[in-house]
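Reviewing the structure listed below.
We name chains A, B, ... by the order of the sequence lines, and we start the count at 1 in each one. This is a predicted model, so every value here is computed, not measured.
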Amino acid sequence: MNQFNRLDSYKEMVRIRQYESRILQEYHADKQPAWDIGAGLIPGEMHLAAGQEPAAVGVCAHLKKGDAITAPHRPHHFALAHGVDMKAMTAEIYGRDSGLCRGKGGHMHLFDPENHFSCSGIIAQGYPVACGQAFAFKRRSTDNVAVAVAGEGAANQGAFHEALNLAALWSLPVIFVIEDNDWAISVPKSHSTATASNADRAAGYGIPGVRVENNDVEAIFEAAGAAVDRARAGEGPSLIEIHTLRLWGHFEGDAQAYRGAELETVDERDPIPRYAKSLVDLGELTEDQIVTIAAAADAEVDAAIQFAVSSPEPKPQDALLHVFA
Amino acid sequence: MNQFNRLDSYKEMVRIRQYESRILQEYHADKQPAWDIGAGLIPGEMHLAAGQEPAAVGVCAHLKKGDAITAPHRPHHFALAHGVDMKAMTAEIYGRDSGLCRGKGGHMHLFDPENHFSCSGIIAQGYPVACGQAFAFKRRSTDNVAVAVAGEGAANQGAFHEALNLAALWSLPVIFVIEDNDWAISVPKSHSTATASNADRAAGYGIPGVRVENNDVEAIFEAAGAAVDRARAGEGPSLIEIHTLRLWGHFEGDAQAYRGAELETVDERDPIPRYAKSLVDLGELTEDQIVTIAAAADAEVDAAIQFAVSSPEPKPQDALLHVFA
Amino acid sequence: MTVTDTETAARRITTAKAMAEGIGLEMRRDPDVFVMGEDVGAYGGIFGSTTDLFGEFGADRVIDTPISETGFIGAGIGAAVEGMRPVVELMFVDFYGVCMDQIDNNMAKIHYFSGGNVKVPMVLMTAAGGGYSDAGQHSQTLWGTFAHLPGMKVVVPSNPYDAKGLMISAIRDDNPVLYIFHKGVLGLGWMTNNPRATGHVPEDPYTVPIGKAAIAREGTDVTVATISLSVHRALDAADELEKEGISIEVLDLRSLVPLDREAILDSVRKTHRLLVVDEDYQSFGMTGEVITTAVEGAFDYLDAPPARIAIPDVPIPYSRVLEQFVLPDADKIVAGVKSLLTA
Amino acid sequence: MTVTDTETAARRITTAKAMAEGIGLEMRRDPDVFVMGEDVGAYGGIFGSTTDLFGEFGADRVIDTPISETGFIGAGIGAAVEGMRPVVELMFVDFYGVCMDQIDNNMAKIHYFSGGNVKVPMVLMTAAGGGYSDAGQHSQTLWGTFAHLPGMKVVVPSNPYDAKGLMISAIRDDNPVLYIFHKGVLGLGWMTNNPRATGHVPEDPYTVPIGKAAIAREGTDVTVATISLSVHRALDAADELEKEGISIEVLDLRSLVPLDREAILDSVRKTHRLLVVDEDYQSFGMTGEVITTAVEGAFDYLDAPPARIAIPDVPIPYSRVLEQFVLPDADKIVAGVKSLLTA
Ligand SMILES: Cc1ncc(C[n+]2csc(CCOP(=O)(O)OP(=O)(O)O)c2C)c(N)n1
Ligand SMILES: Cc1ncc(C[n+]2csc(CCOP(=O)(O)OP(=O)(O)O)c2C)c(N)n1
Ligand SMILES: [Mg+2]
Ligand SMILES: [Mg+2]
């Protein structure tokens, strides 16, 4: 297993958080006076992953060149942690011609073949795809792995079941990651499944399943390491459920009235200040560093947004391109 | 729980077997000289359930008026055991106007609202439907239950997963029955799932799961009784996997080359002679009775086929009716 | 419609509210009606189709589901078969692919397969349409896909009055009805303001018949047959064209199944020219069917080959400029009408 | 086609064999080609599309799957995205509903969503069609459904020669190709004998271009545009009509996406009359699209309104008399042609 690097992990989580915070701000900035989802420089739905950084950072720390990720509608944290170019991704979110997908995909359809990264807007759609990527990796005798990520809500979709069964049957190098942030839009986990832990479902496929509590990047790293090692060794798939936190609304514009009292405790559960504090307590991080790390992240994000904003829009008639290769 | 009646159960199994045997014979009778699936009095695919009678008889012994069954493409044994009228069903299989569905459905689409029986040709399609029937039963404060039946191959279909989760979540009175006959057409269970027993999957939904070995009608009766009692008591769904036997081909015309040596042992595993022998050994059945029971079944089957054959065909233009109510 | 609504004539509500109101009225009338879907409860439906119903009817009759469309649509079928009248929401029509088997091969076919013995009185409602940069898995309309497959009615309202009346008709219908609402006609506070998405709706229950088109605007020179948000676009185009002395008749088809072929023919026999406008993919869809209907029934009346405007057989792109390029709009309709008149 | 096949001119095989042969040749040529689906292994495919491949290539490249269409079609997409060239079988096209999300919203859309950066070189092959009383969940054709949705090619061969050449083209194509084979054109030993389902097929590899229609029979009086088994029906009708001195041109469209609109127009400009025959549901499908194509491009050439024969918007019934009533056949085509000529 890889060695865990606390400082790097902290930095990466901050990098993601600064990104999401800034997108949040830019997204809302120009939707006034009457808030209009289709208006502004960043139109459309926007699902941000603030609070879920530990999942992406803990898992991706084990990945190397050639490893694949399929992410869901909430993809930025995994994209960034897996090395997707921030500029190209941002330009895509801004719908620019220099975007990862030339503006055709948008924030739910980030395709980066270089990094074998993709995401999609249909719940659990990426689960079977990861099996096929893993199949190709295995067939070509690489030790690459595929990571399939989705929320706890997705674990009740048929594709989840079929993919786990297939991966187990064919002993494919897949790591199935469930980000349990307690909510699927307004539906709490208790209203979507009778099982407390989806990790318990792994047994039904004859594969290991673990649940990691407390949104703890180090524990996530441990669990993911075991799963990745197992996959690279040709021993087959694993399932990891990570109990994480949706810090903000399901999508931007979500008033979250349904969340009730739970919402009040959200900030105190934010994993980043908590982790910062524990690193400071351990003497591995200083208050100064906290500031400089955030500033470095901000600078990178600034540059990415600058790149996006200054990139040209696609030509309208290019909408007709790329239906077929 | 109901009291098990050995002789009645034996009779019902024989009744089903005589039915399937006779359909087998009639189905092939007029497809010569060149065997043509679309020719003859009974055209189309034909999936017979010989060898699987214990499942239907053991389960249906617990059902009463108002209980529902959704069956798969191999439906006759459950239809008959659940009280679907043999004449109307046979007329349907013969495509007659007097058929259960006026000739529109055929052997994979037997709808009997009177007995809340239905079946379908898409794998696992009936699983979610049973949840909805159970939902209606519960909502109306009846103690009726819905039984969803499918093969072990169907347990790898997404609908299986979604239905089990829903039934568990809403504590619906459903009994999920998997008939594990070792094969899904030519694919053995070992090539379709890494789990030996689908009963192990129940835990992933927080519901009871049992596997019944040996195609034993009495053990099936026991397991089904517990599940039905639980459902009627409002305690929620259960999953039962029954290890049964596909005595014949997947569908008629299947040469079964893929079955290899296993095929040679099929006859000795036939549950009906075996059960007859055990009842004879117990002194609950005589050799004479064996003959008269078979003869009575034959007579009923004769009458049903007679009814079908002598019924008129639908009027061709009636094909245009019943798209909408 | 059956009510006199003099005192409510000024009552103006949005299409979303009108839908929810229609459901609520039927729920009060008939205890077998219930609602089920993702976020239909406390949230009130992502697009407001169940606004306030949870408050009135509670979690027993307005039921949030897991993200298991095959599971809960199949369950809706089971409940309907047993005589209940479920109103099931598929959040976006784009998600049909995870549950199409239950919709097409089950919900829509049971009545026929059973030789008429089993009824499936179920409404499947779902949001459709683009225009706000939600990209290709959240912006499709797909009504042509469903209309091609026999056994379900396909209803697509364009305004508040029809939305309520068609919803009540759909719930009372003994057949499965796919009720597709375009997000752009709902009058949502968080989408671009659309004045035509708010309108007069009587408070009392009333029905609008399924299968009857409406003349949204009478005209003499060209028939523009369309549906849903494109009715608004066509009406905008009509205003534009009127300034130039061109009079178009806007036909709001309102349902694709049944398709009101007589209304199409009547209008074409009057105007002699037909433009079909659709926000679904162009080929193998609504535009071809409507044009073929006109050709089959009014060939000799046609002074020019019928024309069409639809999504040019590409997925819906994300970027605003790309998306707007492929969507129908008033300008394209104006141009289409003019080129029909010079053809 | 690129081969000279003088020595194999007498080599006659069935359509099913021709398909399997095409796949086998590509598997020999390219180690990235593999086959996956239910019963494609030892069984050889329920309709023989993989006959003998398991014997030659083994379980590693001819892979039986669980009944998890979403799972294994999705896996095919994943493998294709990584550069493999999967040939995936969906046993009956009717089963599309359990996996349509992977087919339409994923396989067909990835290339576009990625702005052209990701390719999905995958063949999804599937059996279609009725006529042998397999009832409504095993007898549909549904090609119109797929052709409506952008991003996948839709290929529908009618004979052995095309089946092999189109299969090789499909496998070599960098796009997702839905390859639909009608059971009635396969030449299966257990279905009604169809002499047109066996024909000359060169042993060597060759391609048939995707997107080009073929004139299956030249004629002058009426164009009958159709596809798959209905090409056979039309050819039978042509024989019949010839006796009465009526000459029809039978156009085998061969693929619906791309649709060879030029070929349709060329033929209509020649014959001035068009009958479209389809075994898919009539409304919102192929017949409307082909007729609209003719109207858009050759309106002034048409001496009569184009007509169509298709499944009359009912599910496929089981009983033979009912099913035959709704299927197109040579008699209906003969009658359709005659009424076009008297129109
Ligand atoms: C098949 C499908 N059904 C429904 C949706 C709508 N939808 C988008 S996100 C979401 C909730 C997802 O919850 P979860 O999987 O827990 O992920 P989270 O949003 O919490 O990260 C839903 C229902 C969808 N995109 N696809
Ligand atoms: C969704 C779907 N996929 C595939 C099929 C084709 N098919 C019909 S029966 C069958 C095998 C079913 O196996 P199992 O569930 O074990 O039932 P059994 O036939 O053994 O009774 C298959 C693959 C189908 N009908 N529906
Ligand atoms: Mg969640
Ligand atoms: Mg089986």
Does N105(D) use its side chain to pair, donor to acceptor, with the backbone of D94(C) at less than 3.5 Å? yes
Cut-off 4.5 Å, heavy atoms of chain C, and the answer for A304(D) is backbone
Heavy-atom nearest pair, V314(C) first then P150(D), reads C-CG, 3.6 Å
Interface check, chain D: of G115(C), G151(C), P306(C), P315(C), most non-hydrogen pairs under 4.5 Å belong to P315(C)
Under 4.5 Å to a heavy atom of chain C? For F113(D) that would be side chain
Inset, instruction - Compare all side-chain heavy atoms of E296(C) with those of P305(D) and state whether any distance is below 4.5 angstrom. - result: no
>> Could you walk me through whether T292(C) and T287(D) satisfy the side chain to side chain contact (heavy atoms under 4.5 Å, CB included) test, starting with their C-alpha distance in whole Å, then the side-chain angles of each, then the deciding distance to 0.1 Å, before giving a yes or no?
In response: CA-CA 8 Å; T292(C) 298; T287(D) 54; 6.0 Å; no
Under 3.5 Å side-chain donor-acceptor pair for Y96(C) and D104(D) = yes
Sequence neighbours excluded, the answer for ring-ring contact (aromatic ring centres under 6.0 Å, His included) partners of Y301(D) is none
Between the CD atom in E69(D) and the CG atom in D101(C), the distance rounded to the nearest 0.5 Å is 9.5 Å
ring-ring contact (aromatic ring centres under 6.0 Å, His included) filter on Y112(C), not counting sequence neighbours, yields none
Residues 255-274 of chain C vs chain D, non-hydrogen distance cutoff under 4.5 Å, contacting residues -> L256(C), L259(C), R261(C)
Highest number of heavy-atom pairs under 4.5 Å with chain D among M286(C), Q102(C), Q282(C) belongs to M286(C)
What one should report as the nearest heavy-atom pair of R308(C) and E289(D) is NH2-OE2, 2.8 Å
Whatever's closer than 4.5 Å to a heavy atom in chain C on L302(D) counts as both
Checking heavy-atom separations under 4.5 Å from chain D, one finds in residues 139-148 of chain C Q140(C), L142(C), G144(C), T145(C), A147(C), H148(C)
Whatever's closer than 4.5 Å to a heavy atom in chain D on A307(C) counts as neither
Under 4.5 Å to a heavy atom of chain D? For T70(C) that would be neither
Of the listed G288(C), A108(C), C99(C), A135(C), the one with the largest count of heavy-atom pairs under 4.5 Å with chain D is G288(C)
